[in-house]
There are 2 protein chains.
Amino acid sequence: MPARPAAHAMGTRSRILATASEEFAASGFEGTTVDRIARRAKVNKAMIYYHFPSKRALYTTIVRDRFTAITEKLQAIAAQPLPPDRKLDRLIETLVRSIDEAMHFLPIFLREIADGGVHLGAEELALITGVFATVSGVIAEGTRSGVFRSIHPALAHFTIVAPLLMFRATAPVRARIKTVRRLEIPDADSATVVAHLQMVARRVLMPTEPGREG
Amino acid sequence: MPARPAAHAMGTRSRILATASEEFAASGFEGTTVDRIARRAKVNKAMIYYHFPSKRALYTTIVRDRFTAITEKLQAIAAQPLPPDRKLDRLIETLVRSIDEAMHFLPIFLREIADGGVHLGAEELALITGVFATVSGVIAEGTRSGVFRSIHPALAHFTIVAPLLMFRATAPVRARIKTVRRLEIPDADSATVVAHLQMVARRVLMPTEPGREG
DNA sequence: GTCTATAAATAGATAGAC
DNA sequence: GTCTATCTATTTATAGAC
C-alpha cells in the first residue's frame with residue numbers, strides 16, 4: 001500500500017477499490033472472495049496483495065474513504081453562517097445526496113452495524129461520531145436559540161437519519177417483494193425524500209406542542 | 001428436518017436453533033461456521049445435518065420463525081376495535097417490545113436487507129410485507145377517518161420503524177464509540193423510545209399544519 | 001439419534017519468475 | 001508492477017459405525 005504509487009498504478013489501485021466496493025456491498029466481507037475481486041477488476045490476485053496488505057485492509061480503506069467524504073460535507077454545512085433550521089434543512093439535503101451518490105455503500109454500512117463495529121478502528125469510529133456530532137450539534141444550537149425544542153439527542157438524530165438509510169437500503173428487498181406481489185411498497189425520488197425528512201424534522205422539533213401531550 | 005421429531009430430540013433441535021441464532025447474529029451467514037454452532041450448542045456437527053438439510057435451511061428456519069412471531073402480534077393489534085391513533089400507539093409499543101425481546105435478530109435482519117433479500121423466499125417476503133401492510137393500513141385508516149393526514153405510505157412507515165431498528169441495532173457500535181470517547185451517543189430505555197416514536201407519529205401525522213409549509 | 005472420520009471444494013495468502 | 005503456480009488452512013457436507 002504505497003502512499004504515492006507510480007502513475008501507471010493509480011488506475012489499477014482505484015479499479016481494485018471500485019470493484020471491491022461493489023463486491024463487499026453485494027456479498028459482505030466474508031462472502032466476498034479476493035479471487036472474484038481480481039477477476040472482475042481484471043487484475044491478478046497477487047496484484048491486490050501488492051497494493052493492499054490483506055483483504056481486511058482493502059475493506060478498511062473503502063470504509064474510511066466513504067466516511068471521510070460524508071463527514072467533511074456535513075461539517076462544511078454546520079460551519080456556515082446560517083440559522084439552525086436552515087442548516088438542518090441543508091444537512092438533510094446533503095445526507096440524501098450523499099447516500100444517493102454512493103448507494104453501494106449502504107449495505108457495507110448496515111453490515112458494519114450488524115457486526116457491532118468490530119472492524120472499525122478509532123479513526124473510523126471518530127468519523128461516524130462526527131456525523132452524529134454535526135447533526136445533533138445543529139439541533140442543540142436550535143434548542144439554545146429557541147427555534148427547536150429540547151429532545152433526546154440520539155433519538156432526534158436517528159429520527160432523521162434512520163428512515164433515509166433504511167428506505168434506501170431496503171430498495172432491493174422492496175423490488176423483490178414487488179415480484180412476489182401481495183402489496184407494493186412504493187419508492188420515492190430524492191426530492192420527495194428530502195421534503196419528507198425536512199417536514200419530519202420541522203414537526204418533531206417544533207417548540208409549540210400542538211396536541212395533547214405536555 | 002422432521003416435522004415432528006421425537007420428544008427427546010426437541011431439546012437438541014431447539015438448542016441448535018438458539019445457538020445458531022446467536023452465531024448468525026454475531027457473524028452473519030457466511031461468517032458463521034457449522035463447526036462452531038455444533039461446539040457451542042454441545043452437539044455433534046452431524047446432528048445439525050440430521051435436523052436440518054443444510055446450513056442455509058437452518059438459517060431460513062430462524063428467519064421465518066421470527067418474522068412470523070412479529071407479524072402475528074402486529075396483526076392482532078390492527079384487528080382490535082380501536083381508533084387508528086390508539087392502534088398506532090399500541091403498534092409502536094409492540095414493535096419496541098418485540099425488538100427488545102429479540103435484539104439478537106436485528107443484526108440478522110440488517111444483513112438480510114444488505115443482501116437484498118436474496119435468501120428470502122416468497123413466504124418470508126410475505127411476512128415482511130405483512131408488517132408494512134399492518135402499519136400503513138392503520139395509518140390509511142386514520143387518514144380516511146380524518147385523524148391523520150395523507151402521507152407517502154412507505155416514508156411514513158419507515159419514519160416510525162427505521163429509527164427504532166437503527167437505534168437498537170447500533171447499540172454495540174455506540175458502546176464501542178464510548179470506549180474511544182470523543183463524544184457519547186446516549187442510549188434510551190424502552191419507555192423513552194416508545195414515547196419518542198409515539199410523539200413522532202403524532203406530530204408527523206397531525207392533520208393541521210403548524211408552521212410554514214402548505 | 002448420535003457419533004468418528006473424511007471427502008471435496010474453496011479460501012486467503014505467498015514465492016518467485018519476468 | 002504484473003504474472004503463474006502453489007501452500008496451508010478451513011469449510012460444508014457425507015459415509016458409515018453404533
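Per chain, numbering begins at 1; letters A, B, ... match sequence-line order.
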Mutual orientation of the aromatic rings belonging to F24(A) and F29(A) [parallel < 30°, tilted 30-60°, perpendicular > 60°]: parallel

Rounded to the Å, how far apart are H51(B) NE2 and dC3(C) C1'? 13 Å

Out of dT14(D), dT12(D), dC3(D), minimum distance to the side chain of A46(A) belongs to dC3(D)

Take the protein atom NZ of K45(B) and the nucleotide atom P of dT14(D), then report the distance between them rounded to whole Å. 11 Å

Phosphate-side-chain proximity, T33(B) and dT10(D), N/O vs OP1/OP2 below 4.0 Å: no

Between P of dA13(D) and CG of L58(B), the distance in whole Å: 10 Å

Could you tell me if T192(A) and D189(A) have a donor-acceptor pair between their side chains, going purely by distance under 3.5 Å? yes

Between K55(A) and V43(B), who's closer to the 5' end of DNA chain C by nearest nucleotide? V43(B)

Using only side-chain N and O atoms of Y49(A), determine if any of them is under 4.0 Å from OP1 or OP2 of dT14(C). no

Rounded distance in Å - CE (M47(A)) to P (dT4(D)): 13 Å

Gap between atoms CG and P, on D35(A) and dT4(D) respectively (whole Å): 13 Å

Could you tell me how far apart F52(A) (CZ) and dA13(C) (P) are, to the nearest whole angstrom? 13 Å

Here the distance between atom C1' of dA13(D) and atom CZ of R36(B), to the nearest Å, is 20 Å

Measure from CZ on R56(B) to C1' on dA13(D) and round the result to the nearest Å. 15 Å

With distance as the sole criterion, is a donor-acceptor pair present between the side chains of Y59(B) and E23(B) under 3.5 Å? no

Of the candidate nucleotides dT4(D), dT2(D), dT4(C), which contains the atom at the shortest distance from the side chain of N44(A)? dT4(D)

Can we call the ring centroids of F67(B) and F109(B) under 6.0 Å apart? yes

